[in-house]
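The next block holds one structure in the form of structure tokens; read it before the comments.
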Amino acid sequence: MKVALINENSQASKNALIFATLKEVCDQKGLQAFNYGMYGKDGESQLTYVQNGLLASILLNSKAADFVISGCGTGQGAMTALNSFPGVVCGLAVDPTDAYLFSQINGGNALSIPLAKGFGWGAELNLKLIFERLFAEPAGGGYPKERAVPERRNAGILRDVKNQVYRPLPEVLERIDQGFLKETISGEHFAEYFMANAEDGKIKEMIAARL
């Protein structure tokens, strides 16, 4: 399982801490972690929380990533933006219980975390516990367990509805502002990670043509 971290500009200075914590948990659980930035470096390509949504959609739909960790000051903007793009089901986790219940009940493929609000003493411990509970069990196991069948059915209905009401990502990539798209995929390591991990197909071809 490939897990991607995406930071937007307002919280980029915390990227190293977040990724180190995520990678520690992923290493323990046999998952691969990829850091798509922002990295908090001077002069780097910028990502807003809206661009986080587009980038998450590109990674998930191309299978360059199986799960995306994102966030912003409150986590609300990133969650809203990620859910605005096709193929993304993003939850919000303030604490480890949020992360566990989202994984087990909703079985989504992205999580947004508040990285300024409430991010004080013990923040790195809360992050570690969130990641541990998020990946504690296979997604969609249900909570409580006797509710697993209807919860999986409802999660499937949501995915089917999103497939009907959202434009396919290749169409989005054609229609969206191309400057916005180019800036979104201009991160320091994007081309390296994406081209190595995305499955062959239309999305990979379209992104490669724009790199």
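These numbers come from a predicted model, not from an experiment. Numbers here are sequence positions counted from 1.
- Cluster partners of F131, by chain and number: M1, V3, L5, L17, I18, F19, L22, V25, L31, F67, I69, F102, L111, I113, L115, F119, L127, I130, L134, F135. The rule joins Ile, Leu, Val, Met, Phe, Trp and Tyr whenever side-chain heavy atoms lie under 4.5 Å apart.
- Under the 4.5 Å side-chain criterion, counting only non-hydrogen atoms from C-beta, S103 is not in contact with E137.
- The structure places NZ of K182 at 7.0 Å from CG of L211, a figure rounded to the nearest 0.5 Å.
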For the pair E205 and R210, evaluate salt bridge (charged side-chain N to carboxylate O under 4.0 Å, His left out) and give the outcome as yes or no after the intermediate values. CA-CA 9 Å; E205 292 171 4; R210 290 163 170 79; over 6 Å; no

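- Hydrophobic clustering (side-chain heavy atoms under 4.5 Å, transitive across Ile, Leu, Val, Met, Phe, Trp, Tyr) groups I185 together with I176.
- No single ILVMFWY cluster, assembled from side-chain heavy atoms under 4.5 Å apart, contains both Y100 and V94.
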- Does the salt bridge (charged side-chain N to carboxylate O under 4.0 Å, His left out) test come out yes or no for E132 and K29, once each step is laid out? CA-CA 9 Å; E132 288 178 344; K29 296 182 179 295; over 6 Å; no

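- In this structure, I203 CD1 and S57 OG are separated by 7.0 Å, a value rounded to the nearest 0.5 Å.
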- request: I would like to know whether E24 and K128 meet salt bridge (charged side-chain N to carboxylate O under 4.0 Å, His left out); could you show each step before the answer?
  value: CA-CA 8 Å; E24 179 184 354; K128 182 177 180 181; 3.1 Å; yes

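- Looking at E8 and Q51, their side chains never bring a donor and an acceptor atom within 3.5 Å of each other.
- Rounding to the nearest 0.5 angstrom, the gap separating the CG atom in L158 from the CG atom in N106 is 8.5 Å.
- With a 4.5 Å cut-off on side-chain heavy atoms, C26 and Q32 do not count as touching.
- Its side chain within the 4.5 Å cluster rule, L92 clusters with M79 among the Ile, Leu, Val, Met, Phe, Trp and Tyr residues.
- One distance of note links CG of N7 with CG of N35; it measures 7.0 Å at 0.5 Å rounding.
- Ring geometry for F194 versus F190: interplanar angle under 30°, hence parallel rather than tilted (30 to 60°).
- No donor-acceptor contact under 3.5 angstrom links the side chains of E151 and Y143, judged on distance only.
- Side chain of K162 to main chain of P86: no donor-acceptor pair is present (N/O by atom type, distance under 3.5 Å, no hydrogens or angles).
- The CZ atom of R159 sits 14.0 Å away from the CD atom of Q164 when rounded to the nearest 0.5 Å.
- Y36 places none of its side-chain heavy atoms less than 4.5 Å from the side chain of N15.
- Counting only heavy atoms from C-beta outward, the side chains of N9 and L47 never approach each other to under 4.5 Å.
- In this structure, L125 shares a hydrophobic cluster with L129, the cluster being traced through Ile, Leu, Val, Met, Phe, Trp and Tyr side chains under 4.5 angstrom apart.
- The main-chain N or O of G140 is found under 3.5 Å from a side-chain atom of R152 such that the two form a donor-acceptor pair.
- Note on L101 and V89: separate hydrophobic clusters, where clusters join Ile, Leu, Val, Met, Phe, Trp and Tyr whose side-chain heavy atoms are under 4.5 Å apart, directly or indirectly.
- A 4.5 Å side-chain heavy-atom check between E192 and H189 finds at least one atom pair inside the cut-off.
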